[in-house]
Amino acid sequence: MNKFNFTKFFIIIAIMLCPTMFYGQSKGNVKKMTFNDFEHYLYVSGDLGLGILSADNIGNSIKMNGHLGLGFQFDNILGAKLNLGYGGLNGKYNNAKISKLNYFESSLNLTINFVDIILGYDPDRKISVSPHFGIGQIQYRTEVQDNEGNTTFRTGFNDNKDGNVMGDGIGRRRVVASLPMGLEVNYDFTKNWSAFIDITATYTDTDALDGFVSGTNDWFTTANIGATYKLRDKANIFKHYNEYCNHWFASIEGGASFLFGDNNFNFNDIKGNGNIGIGYNFSNHYRIYTKLGYGIYAANQASNFTLKYADYYEVNINIAADIVGMIFGYNETRRIALYPHIGIGQMQYKSTTVFDNGKVVQYGYRNDAEYNNKGGGIFGRRVVMTVPLGAEFTYKINSHYEAFFDATVLYASSDILDGVTSGNSRDMRSTLNAGFRYKFNNSCYRVEEETAPVQEAPECITPEEIKEAIKKAIEDQEAVTAETIREAIENAIEDSVIYNQNFTNIVFPISKSEKLDSQTNIDAINRASQEMKQGSAVNKIIVEGYASPDGSKELNDRLAEERAKEAAELVKRELGTNVEIEINSKGADWDGLIKAIEGSDLENKNEIANEIRTSSNREQTLRKLMAEYPQIKDLLPQLRRAGVTITTVK
């Protein structure tokens, strides 16, 4: 092969392979998204309906029931749902009737979309049919009376009337396992809202739910209607934040204290308590804290005993998580939060109980009286372990102060908080408190996302380099004519693959993701359309969504994603192409804001840009700067955009 032919061959091969190599290397670096991919989501639901008892009864009276649910849809087939409910049941017998039967229930269920199993996934399908089954528990109380009004069976009440058998549940209800199984039919009204009809039969691990023991366990059935709200991209439980804030806090609270032991509950026995606390809030949603407290409580049981006096010291450590923030995402401006919490601790108490027969029993006093039972705590107090379990509703007053309302049940490792040992269950002490919390200054951290290293594209040979190479070939081989060289250049350029990149920004209004009908900033789409008419084909489309940084983190992420999807729909519709579109949600456009500030006529623009660039809490810094320099607001509209890059090949 002579030198000219070798040079020509090398040039043409390099031109053909160079763009292929470039796009081949970059294509695998970004995860693709398509419009038909199923996206898992979190959802909440509520329902109301009717309940029917299926046990030893021969007649039924329908009662109401209802549920609140929290679920997660893993894919288009499988889901899991936690249900919490309350309801009533009723029944009649030949010589008796159920005078009272109500229950609390909780269950964890697996749901299966039967329609998608048969017909396949269709995101536009409105109706789904989902069998479900699960495991749970019910806490019930039942009373049966004969035709003369005499109580013949009584269980699950917090008293000793008529041979009542107390349980370990809420209000001394009886606790049994349950197996719910049923069918739910859903109809989707919108992307987020759906209505459903549910029929569930629940098997209970007891033969005494109806108040009669026959040797066969009891069932009950519910038929309910309800609604579901799909949180979709609003759910942030599994979301990773690039920025998170931590802070220390101190709290003080006080309120009511009352006992659930062997006593009959009486409002006159409600006493007081108070706590001080210190804790640490981390990763936006979570907190760990300790409390020190003091309180008093009282109790009595008619015709048996009176707890004359009891007080206690307590200390516990707790963990809590903000359910509102976990579901809807962190928002620095949100004022409300809900913190379920659980912990472990101890209380040191003393008590004096007087029985109706005149007997006196003391626990936790320092004296050596025969009727006193000393403990190992402060001043001889009795020491027991406690497990506090509760929930706190918080209202944010300003950046440093919060008001809160807390309801807590403390399970004690003792049956003698009230001075009486019954053997039925451990005693519980409850508090209902209101308080204030002071938050110390936030410490915010920004986690830089790891990005794949950018691979440099191989250098491509340009037409100018072709000419130089051919010129050198001419010098080396005089036998080649000018006409031959001209033909070689034309052939090389004609045979080469020509890539054109067209870019534009589609700008959106504030807090919106819908495009305006009057939008005219689609030059790249128009240019690509013209190139297609001239024989070019669309090779690649990249859409990147952005939001201006003045909004909240979760709002910016949602808007950026929705803008990218809306712009992708526009491109797909205008070009009429089936090329897969690469969609990237970039969130708040901090880099764009910094560049806009540096290119503006703002006074101290370089200092402003550098302050934002180096801040550990950019949102807070931006709010401060916008108050000082209102002109920054004029730079924000250009950042509410979707960048569209369309590559055509000819």
Worksheet item: Any sub-3.5 Å donor-acceptor pair from Thr431's side-chain atoms to Asn433's backbone N or O?
Response: no
Worksheet item: Does NZ or CZ of Arg382 lie under 6.0 Å from the centre of the six-membered ring of Tyr363, at an angle within 45° of the ring axis?
Response: no
Worksheet item: For the rings on Phe405 and Phe393, is their centre-to-centre separation under 6.0 Å?
Response: no
Discussion item. Strictly distance-based, threshold 3.5 Å: is any side-chain N or O of Arg141 a donor or acceptor partner for the main-chain N or O of Gly171?
Written reply: yes
Worksheet item: Would you call Ile344 and Ile317 a side-chain contact if the rule is heavy atoms closer than 4.5 Å?
Response: yes
Worksheet, complete the sentence: Scanning both residues in full, the closest heavy-atom pair of Ala80 with Tyr43 reads O-OH, 3.9 Å
Discussion item. Assess the residue pair Leu417 and Tyr349 against the criterion (side chain to side chain contact (heavy atoms under 4.5 Å, CB included)); give the C-alpha distance rounded to whole Å, side-chain angles, the decisive distance to 0.1 Å, and a yes or no.
Written reply: CA-CA 8 Å; Leu417 294 187; Tyr349 73 98; 3.6 Å; yes
Worksheet item: For Ile252, does the CD1 atom sit with more than 12 other heavy atoms under 6.0 Å from it, leaving out its own atoms?
Response: no
Practice prompt. Output yes when a side-chain donor or acceptor of Asn556 lies under 3.5 Å from a complementary backbone atom of Glu554, and no otherwise.
Written response: no
Item to complete: Apply side chain to side chain donor-acceptor pair (under 3.5 Å) to the pair Arg172 and Asn164, showing each step before the final yes or no.
Response: CA-CA 10 Å; Arg172 291 301 177 87; Asn164 174 60; over 6 Å; no
Fill in: Nearest non-hydrogen partners of Ile98 and Leu89, listed with the distance
CG2-O, 4.5 Å
Fill in: Qualifying residue for side-chain contact (heavy atoms from CB on, under 4.5 Å) with His341, from Leu389, Asn316, Ile288, Asp406
Asp406
Fill in: Chi angles and distances behind the side chain to side chain contact (heavy atoms under 4.5 Å, CB included) call for Asn300, Asp269
CA-CA 8 Å; Asn300 75 85; Asp269 292 332; 2.9 Å; yes
Worksheet item: Do Lys81's NZ or CZ and the ring of Phe196 fall within the cation-pi criteria of under 6.0 Å and 45°?
Response: yes
Worksheet entry | Phe436-Tyr438 aromatic ring centre distance below 6.0 Å | no
Item to complete: State whether a side-chain donor-acceptor pair under 3.5 Å links Asp198 with His67.
Response: no
Fill in: Residue pair Leu53, Leu209: steps toward the side chain to side chain contact (heavy atoms under 4.5 Å, CB included) verdict
CA-CA 9 Å; Leu53 181 64; Leu209 180 66; 4.0 Å; yes
Worksheet item: How close do Thr621 and Ser615 get, heavy atom to heavy atom, and via which atoms?
Response: OG1-OG, 2.6 Å
Worksheet item: Would a 4.5 Å heavy-atom cut-off, applied to side chains only, mark Ser257 and Tyr312 as touching?
Response: yes
Discussion item. Would you say CD1 of Ile225 has more than 12 non-hydrogen atoms from neighbouring residues, nucleotides or ligands within 6.0 angstrom?
Written reply: no
Worksheet entry | Donor-acceptor contact present, side-chain Thr386 to main-chain Met347, <3.5 Å | no
Worksheet item: Is it the case that more than 12 heavy atoms not belonging to Leu84 sit under 6.0 Å from its CG atom?
Response: yes
Worksheet item: Would you say the side chains of Ser99 and Glu143 form a donor-acceptor pair under 3.5 Å?
Response: yes
Worksheet entry | Cation-pi, Phe260 ring and Arg429 (6.0 angstrom, 45 degrees) | no
Item to complete: Please step through ring pair (Phe, Tyr, Trp, His ring centres under 6.0 Å) for the pair Tyr229 and Trp193, ending with a clear verdict.
Response: CA-CA 5 Å; Tyr229 180 72; Trp193 284 99; 4.9 Å; yes
Worksheet item: Between OG of Ser107 and CD1 of Ile135, what distance do you get to the nearest 0.5 Å?
Response: 10.0 Å
Item to complete: Consider only side-chain N and O atoms of Ser45 and Thr228, and report whether a donor and an acceptor are under 3.5 Å apart.
Response: no
Worksheet entry | Test item: Met166 and Asn160 side chains (from C-beta on) under 4.5 Å apart, heavy atoms | yes
Worksheet item: Is Arg287 positioned over the aromatic face of Phe249, cation under 6.0 angstrom from the ring centre and no more than 45 degrees off axis?
Response: yes
Worksheet entry | Candidates Thr151, Asn150, Thr152 - the one meeting side-chain contact (heavy atoms from CB on, under 4.5 Å) with Asp162 | Thr151
Worksheet item: For Arg437, does its backbone N or O pair with a side-chain atom of Ser251 as donor and acceptor, under 3.5 Å?
Response: no
Worksheet item: Are the side chain of Glu619 and the backbone of Ser552 linked by a donor-acceptor contact shorter than 3.5 Å?
Response: no
Worksheet item: Just wondering, more than 12 heavy atoms not from Ile319 lying within 6.0 Å of its CD1?
Response: no
Worksheet entry | Working for ring pair (Phe, Tyr, Trp, His ring centres under 6.0 Å), residues Phe220 and Tyr103 | CA-CA 11 Å; Phe220 65 92; Tyr103 61 89; 5.0 Å; yes
Worksheet item: Is there a donor-acceptor pair closer than 3.5 Å between any side-chain N or O of Thr206 and the backbone N or O of Ala208?
Response: yes
Discussion item. Any salt bridge linking Arg381 with Asp311? Criterion: basic side-chain nitrogen under 4.0 Å from a carboxylate oxygen.
Written reply: yes
Fill in: Exercise: do Tyr365 and Ser351 side chains pair donor with acceptor under 3.5 Å
no
Item to complete: Establish, yes or no, whether the cationic atom of Arg366 lies under 6.0 Å from the six-membered ring centre of Phe379 and within 45° of the ring axis.
Response: yes
Worksheet item: Looking at OG1 of Thr221 and CE of Met181, how far apart are the two atoms once the value is rounded to the nearest 0.5 Å?
Response: 10.5 Å
Worksheet item: Counting distance only, does the side-chain N/O of Thr204 pair as donor-acceptor with the main-chain N or O of Asp218 below 3.5 Å?
Response: yes
Worksheet entry | Taking every non-hydrogen atom, the tightest pair across Ala298 and Lys271 | CB-CE, 3.7 Å
Worksheet item: Between Trp248 and Tyr280, does the ring centroid distance fall short of 6.0 Å?
Response: yes
Worksheet entry | Check: Phe212 ring centre within less than 6.0 Å of Tyr93 ring centre | yes
Discussion item. So which atom in Asn372 and which in Asn367 form the shortest heavy-atom distance, rounded to 0.1 Å?
Written reply: ND2-O, 2.8 Å
Fill in: Gap separating the OG1 atom of Thr200 from the CG atom of Leu179, nearest 0.5 angstrom
12.5 Å
Worksheet entry | Donor + acceptor pair across side chains of Asn273, Tyr294 (<3.5 Å) | no
Fill in: Lys291/Glu253 salt bridge by N-O under 4.0 Å criterion
yes
Discussion item. Within this structure, what is the CG-OG distance for the pair Leu68 and Ser106, rounded to the nearest 0.5 Å?
Written reply: 12.5 Å
Item to complete: Return the minimal non-hydrogen interatomic distance between Leu110 and Gly79, and the atom names on each side.
Response: CD1-O, 3.3 Å
Fill in: Expected output: side-chain Thr111 to main-chain His132 donor-acceptor under 3.5 Å
no
Worksheet item: What residue among Arg335, Lys396, Lys439 forms salt bridge (charged side-chain N to carboxylate O under 4.0 Å, His left out) with Glu402?
Response: Lys439
Worksheet entry | Asp159/Arg154 salt bridge by N-O under 4.0 Å criterion | yes
Worksheet entry | Side-chain donor-acceptor contact under 3.5 Å, Asn65 with Asn224 | yes
Worksheet entry | Point-to-point distance, once rounded to the nearest 0.5 Å, from CZ of Phe440 to CG of Asn281 | 13.0 Å
Practice prompt. Nearest 0.5 Å please: distance from the OG atom of Ser130 over to the CG atom of Asn109.
Written response: 12.0 Å
Discussion item. For Gly88, is there any backbone N or O sitting under 3.5 Å from a side-chain donor or acceptor partner on Tyr140?
Written reply: no
